[in-house]
2 protein chains.
Amino acid sequence: MAREAGLSKTTVSAALNGTGRLSPAVRERARETARRMGYRPNATARQLRAGRARLIGYVVGEFAGEPWTYLDSPYFARLTSATAAAALRHGYALVMLPAGTLQREWADLPLEAVIVADPVEDDPLVEDFLAARIPVFSDASVADRPGAHWVDVDTEAAVRDSLDHLRERGARRTALVLPDSTTRFHRQVHAAYRAWCARRGAEELVTLVPAPGNGPVVRSVEEALGAEPRPDGLFVVAEASPPLVLDAARRRGLSVPGDLRVVCVSEDSSAAHADPPVTTLSLRPVEVAEAGVSLLVSALEDGGSTPPGVLLSARLRVRASS
Amino acid sequence: MAREAGLSKTTVSAALNGTGRLSPAVRERARETARRMGYRPNATARQLRAGRARLIGYVVGEFAGEPWTYLDSPYFARLTSATAAAALRHGYALVMLPAGTLQREWADLPLEAVIVADPVEDDPLVEDFLAARIPVFSDASVADRPGAHWVDVDTEAAVRDSLDHLRERGARRTALVLPDSTTRFHRQVHAAYRAWCARRGAEELVTLVPAPGNGPVVRSVEEALGAEPRPDGLFVVAEASPPLVLDAARRRGLSVPGDLRVVCVSEDSSAAHADPPVTTLSLRPVEVAEAGVSLLVSALEDGGSTPPGVLLSARLRVRASS
DNA sequence: CTGAAAGCGCTAACAG
DNA sequence: CTGTTAGCGCTTTCAG
């Protein structure tokens, strides 16, 4: 198209990129010709020239192999779209790598970094990326690994606040419903719950949910509420639809918040519209996404002076269920 | 690293790609050196050479400007991850383009095609992509546009089946709760409902939901159920948590399915666990995703003989609420 | 102010 | 069986 416009490649490039010092007339001629011919610069060639592709991988690692969680989780849905939006604002595009993605499936992508949401313990994906010298951004379980950065919420404090809150509202026996997973967050919740119980001299009432999804979680909630003597507080950390948690309590003959105070870890907006509205602990996916992308951009572009990680606070949104 | 191995670039390339006819010894030496040095071929250079990047854009267009819907919608969450997984199986990677993405944000990406989920009427994004000669895969609203392919569900049949089902179960006055949007699907539902009512001589009872999200939908449901005489059938096409729809009926003093038969268009797994379980009409996001990716791959790789579009059936999952 | 030439890292012809 | 060479489409010195 340079030929078509009667100019050289150089001049056209300068005209289209707004660089160099060209006469307005020439610049306009190049632009006009480009428009007329529907010319668009080849993105791959520009990337090669620039030495960077501005592409970031995005993996959800939790329950790797089971696509379930991600599909049904408002947390991951929000995290994903907030990450994509934040990345794009910084000039990076996000490529989706479903859990279970193999090395040969991403090896052909010019990834500058990869975000691994909620890796499992010693996640092989994280190892693979680090071995390929691709910087990894994940949660605090990767702290101290060279090439890895992290963003995390202060789980310890969040659990303590939630349990203290339930206690203030009169709960003396708070049951915990937790996924049976090796995600750092879940392990930390378990540890923090036990520590809190020890400190308060409270009995530990833990029900592990064997699989993700509303069905298993609801069954586990019912199981937890069947303990004798009855729990009068319920802390549901496994993602489930809050109205269904209330239904389970109702089936057990417990009124909320009279007999049972309920807090759910959830981003599900149905919590606010349930009857009664359900108190939630938000893991703040949008803030996590934005902090993660900021960290990533500064590590990739500014270089060395970037902190290795960022710690955010979870947020307890108190509603009528407690 | 060719020098390091004492070989030429060509030989190394052939060794690593398994092409050419090299002695096993040489091949192994190249591989070993690559491993030792942590060498990985530059993906961008390969893409440039190959003339294709195997990257596909993915946009959600509904309620462009309002990120809400996508965040809270199990339909889009499933569609998104199923699309990403299907694409990867075919060797393509999906890059996320949030609704509202500007031309200059995707112009630098070497996209071979773009998937636009649920575009609004005359979606400007679709126009931009077609103008840039990037093939568009979307719903049937783009049919007949050159360069555009589509996958859609048979809305007409789905609405008819749902309304017939409600009628069989005894509903004589079925109210429709529909988002106030210009998505093709929503317009078609509206038209099909009116046609059905005309055919059956039934009164049209339509409530338009002004905004996405559980709150507005639940309010609209309550409004719909407040009509006199009371509806005895409810068809909720706006995405909402099914248990919340039941709550709304309960607040209106209606028992389900005794006084009111309920069908929700939803992918939310909480429907199956609600009390009573809620009949849903599934738009089959996973099947749509897979059909769309198959179509895309065959259009991109096989060339001309690809059909312009694919029509799938929705699926009614009958449960106790009707 | 504009054009020719080099080179980003790779692979596919083609010579040796 | 292996190595040299050209070129993918672009940007950027550097001469003219």
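Every chain is numbered from 1 and lettered A, B, ... according to where its sequence line falls, protein lines coming before strand lines.
A:Arg54 places no side-chain N or O within donor-acceptor distance of the main-chain N or O of A:Ala93, the cut-off being under 3.5 Å.
One finds the CD atom of A:Glu267 at 10.5 Å from the CZ atom of A:Phe76 (value rounded to the nearest 0.5 Å). Residue A:Leu312 holds its CG atom at 10.0 Å from CG of A:Leu283, rounded to the nearest 0.5 Å. The CD1 atom of A:Ile115 sits 9.5 Å away from atom CG of A:Leu295, with the distance rounded to the nearest 0.5 Å.
A nucleotide of DNA chain C counts as in contact with chain B when one of its atoms lies under 4.0 Å from a heavy atom; the first and last such, 5' to 3', are C:dG9 to C:dA13.
Contacts of residues 6-13 of chain A with DNA chain C (heavy atom under 4.0 Å): A:Ser8, A:Thr10, A:Thr11.
Between D:dT2 and B:Ser23, a contact under 4.0 Å exists linking OP1 or OP2 to a side-chain N or O.
Side-chain contact check for B:Ser8 and B:Thr11: at least one donor-acceptor pair (N or O, by modelled atom type) lies under 3.5 Å. Between the side chains of A:Tyr58 and A:Thr83, not a single donor N or O lies within less than 3.5 Å of an accepting N or O.
In this structure, B:Arg49 reaches the bases: a heavy-atom distance under 4.0 Å links it to at least one base atom across the strands shown.
With respect to the salt-bridge test (charged N to carboxylate O, under 4.0 angstrom), the residues B:Arg29 and B:Glu32 do not qualify.
Listed by first and then second residue, the salt bridge (charged side-chain N to carboxylate O under 4.0 Å, His left out) pairs that reach into residues 133-153 of chain A are A:Glu127-A:Arg145, A:Asp152-A:Arg184, sequence neighbours excluded. Residue pairs meeting the side-chain hydrogen bond (donor to acceptor under 3.5 Å, both in side chains) criterion with at least one member in residues 44-53 of chain B, sequence neighbours excluded: A:Asp108-B:Arg46, B:Asn17-B:Arg46, B:Arg52-B:Tyr92, B:Arg52-B:Glu112.
The end-to-end axis angle of the helix from C:dC1-D:dG16 to C:dG16-D:dC1, rounded to 10 degrees and based on five pairs per end, is 50°.
When side chains are defined from C-beta on, A:Asp118 counts as touching A:Tyr75, because their heavy atoms get closer than 4.5 Å.
Nearest-nucleotide positions on DNA chain D place A:Leu48 closer to the 5' end than the other of A:Leu48 and A:Ala14.
For B:Phe137, the ring pair (Phe, Tyr, Trp, His ring centres under 6.0 Å) partners at least two apart in sequence or on another chain are B:His149.
If you measure from atom CZ of B:Arg27 to atom P of D:dG3, you get 13 Å, rounded to the nearest angstrom. The CE-P distance, from A:Met37 to D:dG9, rounds to 13 Å in whole Å.
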